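Read through the structure below, which is laid out as structure tokens, and then see the notes.
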Amino acid sequence: MQNPSQAIAQLTALNTLAAWVHGTLIALMLLILTGLTEFARRRDLRRPLIRTGLVVYAAGVVGMIGAALVSGYITGRVPGTTLSVGAEDLAITTRLLALCMLFNQAFARFGALAMSAGIALWSLDLARLPGLARALGSLGVVIGVFCVATLILGVLQLDVRGMLLVIVLQAIWCVGLGLFLWRSAQADYQPIP
């Protein structure tokens, strides 16, 4: 196990990389939200499940952006806020880093819960349709409810593996939704004679 001063030095050294990685993640989340907003618009924002799903999912993206900002732009800069490397400053820095971790976990947990709930709400709407839409809707309800329930019950922790599981499950649904929208667009396409 590393001592606190080694861990802080390593954290400071990775500060630039962390900023780039988390900045890229923020951009990707906003890109996905843009695509899902288009999906919600096409499904009709007057539908309560669609409108509520969009609001809840967008709130989750805001939470995830908060987590990414803490991890990518605040945590790595905390060690530079102390004036020296004495024992007292090291203790303060360690406490501040622990506080950053608490903020990150709170934002990420809220984000994962809200994004999963948004997927479940949209999926309830899709499950009313026939064929592929019903299958996608059923899958999304299972994914959304699974993520929400396991996070609330504490079965799923948002460590690296837990967050990866949530991301993979949500990505499966998003890819399925993309394929559904693409197939729907192909079926609606009428070439001009």
Side-chain angles (χ1 to χ4, degrees), residues 1-34 36-37 52-121 140 142-174:
M1 183 172 162
Q2 287 182 322
N3 70 39
S5 60
Q6 289 174 327
I8 289 170
Q10 188 176 28
L11 182 65
T12 303
L14 294 172
N15 188 35
T16 302
L17 177 62
W20 276 102
V21 167
H22 287 88
T24 302
L25 291 173
I26 290 169
L28 288 172
M29 283 186 286
L30 291 173
L31 184 64
I32 291 167
L33 178 60
T34 301
L36 291 171
T37 300
T52 306
L54 180 59
V55 169
V56 172
Y57 189 91
V61 169
V62 171
M64 285 296 192
I65 288 173
L69 288 172
V70 170
S71 290
Y73 298 94
I74 297 173
T75 302
R77 291 185 170 93
V78 166
T81 63
T82 56
L83 301 174
S84 67
V85 290
E88 185 178 334
D89 285 332
L90 184 60
I92 291 170
T93 299
T94 302
R95 287 188 195 114
L96 287 173
L97 290 172
L99 181 62
C100 286
M101 186 182 85
L102 292 174
F103 273 110
N104 171 272
Q105 285 293 299
F107 282 129
R109 184 176 172 83
F110 170 77
L113 283 167
M115 291 168 72
S116 296
I119 287 172
L121 290 167
V142 169
I143 287 171
V145 169
F146 170 81
C147 290
V148 168
T150 56
L151 285 167
I152 288 174
L153 294 173
V155 174
L156 181 62
Q157 299 300 315
L158 288 182
D159 53 11
V160 173
R161 288 193 301 182
M163 183 57 84
L164 183 61
L165 177 62
V166 170
I167 290 169
V168 167
L169 290 173
Q170 290 180 356
I172 289 168
W173 185 83
C174 286

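Small disclaimer: the values here were computed from a predicted structure and weren't measured.
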Side chain to side chain contact (heavy atoms under 4.5 Å, CB included) filter on Ala114, not counting sequence neighbours, yields Val56, Phe110
Drop me the distance from Thr37's OG1 to Leu54's CG, to the nearest 0.5 angstrom.
4.5 Å
For Val160, what residues pass the side chain to side chain contact (heavy atoms under 4.5 Å, CB included) criterion, not counting sequence neighbours?
none
Tell me every residue that passes side chain to side chain contact (heavy atoms under 4.5 Å, CB included) with Ile167, counting only those two or more places apart in sequence or in another chain.
Met163
Minimum heavy-atom separation for Ala120 and Gly144, please, with both atom names.
CB-CA, 4.1 Å
Ignoring hydrogens and angles, write down the donor-acceptor pairs under 3.5 Å from the side chains of residues 22-34, residues two or more places apart or on other chains.
from	atom 1	to	atom 2	distance (Å)
His22	ND1	Ala18	O	2.8
Thr24	OG1	Trp20	O	2.8
Thr34	OG1	Leu30	O	2.8

Minimum heavy-atom distance Ile143-Leu169, with the two atoms named
CD1-O, 3.4 Å
Per side-chain contact (heavy atoms from CB on, under 4.5 Å), Leu96 is matched among Thr93, Ile92, Thr94 by Ile92
Within a 6.0 Å radius of atom OH on Tyr73, are there more than 12 heavy atoms belonging to other residues, nucleotides or ligands?
yes
If every non-hydrogen atom of Val70 is compared with every non-hydrogen atom of Cys100, which pair is closest and at what distance?
CG1-O, 3.3 Å
Got a sec, which residues hit side chain to side chain contact (heavy atoms under 4.5 Å, CB included) with Ile172, two or more places apart in sequence or on another chain?
Leu139, Val168
Rounded to the nearest 0.5 Å, how far does CD1 of Ile74 lie from CG of Leu99?
10.0 Å
With sequence neighbours left out, which residue pairs that include part of residues 100-121 fulfil the side chain to side chain donor-acceptor pair (under 3.5 Å) condition?
Ser71-Asn104, Ser116-Gln170
Expected list for residues 57-66: side-chain donor-acceptor pairs under 3.5 angstrom, two or more places apart:
none

Between Val148 and Ala117, what is the shortest heavy-atom contact and its length?
CG2-N, 3.9 Å
Which pairs pass side chain to side chain donor-acceptor pair (under 3.5 Å) with one or both residues in residues 150-162, sequence neighbours excluded?
none
All heavy atoms of Leu151 vs all of Leu156, minimum pair found to be CD2-O, 3.5 Å
Smallest heavy-atom separation, Ile119 atom then Gly140 atom, equals CG2-O, 3.8 Å
Contact between Leu165 and Phe146 at the side-chain level, heavy atoms closer than 4.5 Å - yes or no?
yes
